[in-house]
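See structure below.
Here is the naming used below: chain letters follow the sequence lines, and residue numbers restart at 1 for every chain.
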Number of protein chains: 2
Amino acid sequence: MTDKQVKILKSALKLFAQQGFDSTSTSRLALEAGVSEGLIFRHYKNKQGLLEAIIAEGMNAATKLIDGVLAVDDPKEFIKTAISLPFHIDESEHDFWRLMYTLKWQQGIYQNDAFEKLKERLVKAFKDLGYDNPQEEADLIEVLTDGVATGILLKDGDFSSMLTVILKKYNI
Amino acid sequence: MTDKQVKILKSALKLFAQQGFDSTSTSRLALEAGVSEGLIFRHYKNKQGLLEAIIAEGMNAATKLIDGVLAVDDPKEFIKTAISLPFHIDESEHDFWRLMYTLKWQQGIYQNDAFEKLKERLVKAFKDLGYDNPQEEADLIEVLTDGVATGILLKDGDFSSMLTVILKKYNI
DNA sequence: GTCTATACCAGGATAGAC
DNA sequence: GTCTATCCTGGTATAGAC
């Protein structure tokens, strides 16, 4: 990947996240990246292709993170780690996740395999701990983390004390 | 409001929700509504003005709903009613809420007064019930309902059993 | 690999007739 | 109130030179 290619990807992520995919023109993008407009189309088939490259790159990183969680064996510790996930999104990744959440509403799905696995393991963990409704408990964690991530990404407040309150509800 | 005006609003809500605001052209909209393109601009200043009319109408309805919740006095009953809110979104309102959630990520905020009041009352209810961290508990309900609404609007599954599980955590 | 120039199309919005 | 016709702007994408 050449220097300019990196600049295109970086600028595109920033602009797509901040102004939306549709509302970001390739000319504006070229300006931001300090690159000619034509170059964008030399490296990527079209605007959509550029978007897909960004998503693939980010999802790659996310998968690695989730693999770390999946490595935790103890059920209680596993649930704790899973719940904590959205609370520790690094500031540098906010743009990427903002983009992903926007796309979730616009385009189709973007739930990858790693997230599916995480969910299954949650069900198992709750089952191991003797919960009455392991499936529903896992579903709950899913929507909860979704809400938490939304809050963090949109409001930029301090959510650490909320994590404590949540964990207490699971006696962790 | 004339017959065609209603048709414009209805079609716009549908298309904006399904394809997004930006990706819906006014010509496509006119086609869907069975109306000439020019007529849209006679009734609304511009595309954005049309969007605002839709939001105003929907928010009006939402406020009435929330006012019903605010009328509940008993703290426990109040919390129950508030939590249940997203679980009872009528199918006919899905398009509206899908649009609102999309816009939340694209444009600025759309949290109206009614929602603010609901939040304050939640804090009070938890305080009345002697919870340790009423503010965090209310914050939690907020992100939780947000996540639930997202799930319901995006996945169209059955979430009723999740409601039971949640309420049990609050001994309701 | 990169730039400049340009073709081509679609979108929002307006004017004028009825 | 409504339609038809049209203008103008700005967007994506390509061609060709360096």
Exercise. Starting at CD1 of B:Ile40 and ending at P of C:dG12, how long is that distance when rounded to a whole Å?
Worked result: 9 Å
Problem set entry | Sub-4.0 Å heavy-atom contacts from residues 6-15 of chain A onto DNA chain D, ordered by number | none
Exercise. In whole angstroms, how far is the P atom of D:dA15 from the CZ atom of A:Arg42?
Worked result: 9 Å
For this session: Figure out the CD/C1' separation between B:Glu37 and D:dC7, and round it to whole Å.
Result: 13 Å
For this session: Determine, for A:Lys155 against B:Glu142, whether the closest basic-nitrogen to carboxylate-oxygen distance falls under 4.0 angstrom.
Result: yes
For this session: Salt-bridge test for B:Lys119 and B:Asp139: reply yes if a basic N is under 4.0 Å from a carboxylate O, no otherwise.
Result: yes
Exercise. Where along residues 17-32 of chain A does a heavy atom fall under 4.0 Å from DNA chain D?
Worked result: A:Thr24, A:Ser25, A:Thr26, A:Ser27
Exercise. Expressed in angstrom and rounded to an integer, what is the separation of B:Leu50 atom CG from C:dG11 atom P?
Worked result: 16 Å
Problem set entry | Same apolar cluster (I L V M F W Y, side chains within < 4.5 Å links), B:Ile141/A:Leu163 | yes
Exercise. Does a sphere of radius 6.0 Å around NZ in B:Lys124 hold more than 12 heavy atoms from other residues, nucleotides or ligands, not counting ones at 6.0 Å or beyond?
Worked result: no
For this session: Would you verify whether the NZ or CZ of B:Lys76 falls within 45 degrees of the ring axis of B:Tyr170 while also being under 6.0 Å from that six-membered ring's centre?
Result: no
Seminar exercise, completed: A:His43 NE2 to D:dT14 C1', in whole Å, measures 16 Å
Seminar exercise, completed: A:Phe41 atom CZ is separated from C:dA7 atom C1', nearest whole Å, by 14 Å
For this session: Identify whether the distance between the nearest side-chain nitrogen and carboxylate oxygen of B:Arg28 and B:Glu32 falls below 4.0 Å.
Result: yes
Problem set entry | Electrostatic pair B:Lys169:A:Glu137 at N-O distance under 4.0 angstrom | yes
Problem set entry | D:dT12 OP1/OP2 closer than 4.0 Å to side-chain N/O of A:Lys47 | yes
Seminar exercise, completed: From NZ of B:Lys45 across to C1' of C:dG12 the rounded distance in Å is 12 Å
Exercise. Rounded to whole angstroms, how far apart are OH on A:Tyr44 and P on C:dG1?
Worked result: 11 Å
Exercise. Can you check whether A:Asn133 reaches A:Leu140 side chain to side chain, under 4.5 Å on heavy atoms?
Worked result: no
Exercise. Does OP1 or OP2 of C:dC3 have a side-chain N or O of A:Lys4 closer than 4.0 Å?
Worked result: yes
Exercise. Is B:Ile166 linked to A:Ile172 within one hydrophobic cluster, defined over Ile, Leu, Val, Met, Phe, Trp and Tyr using a side-chain heavy-atom separation of less than 4.5 Å?
Worked result: yes
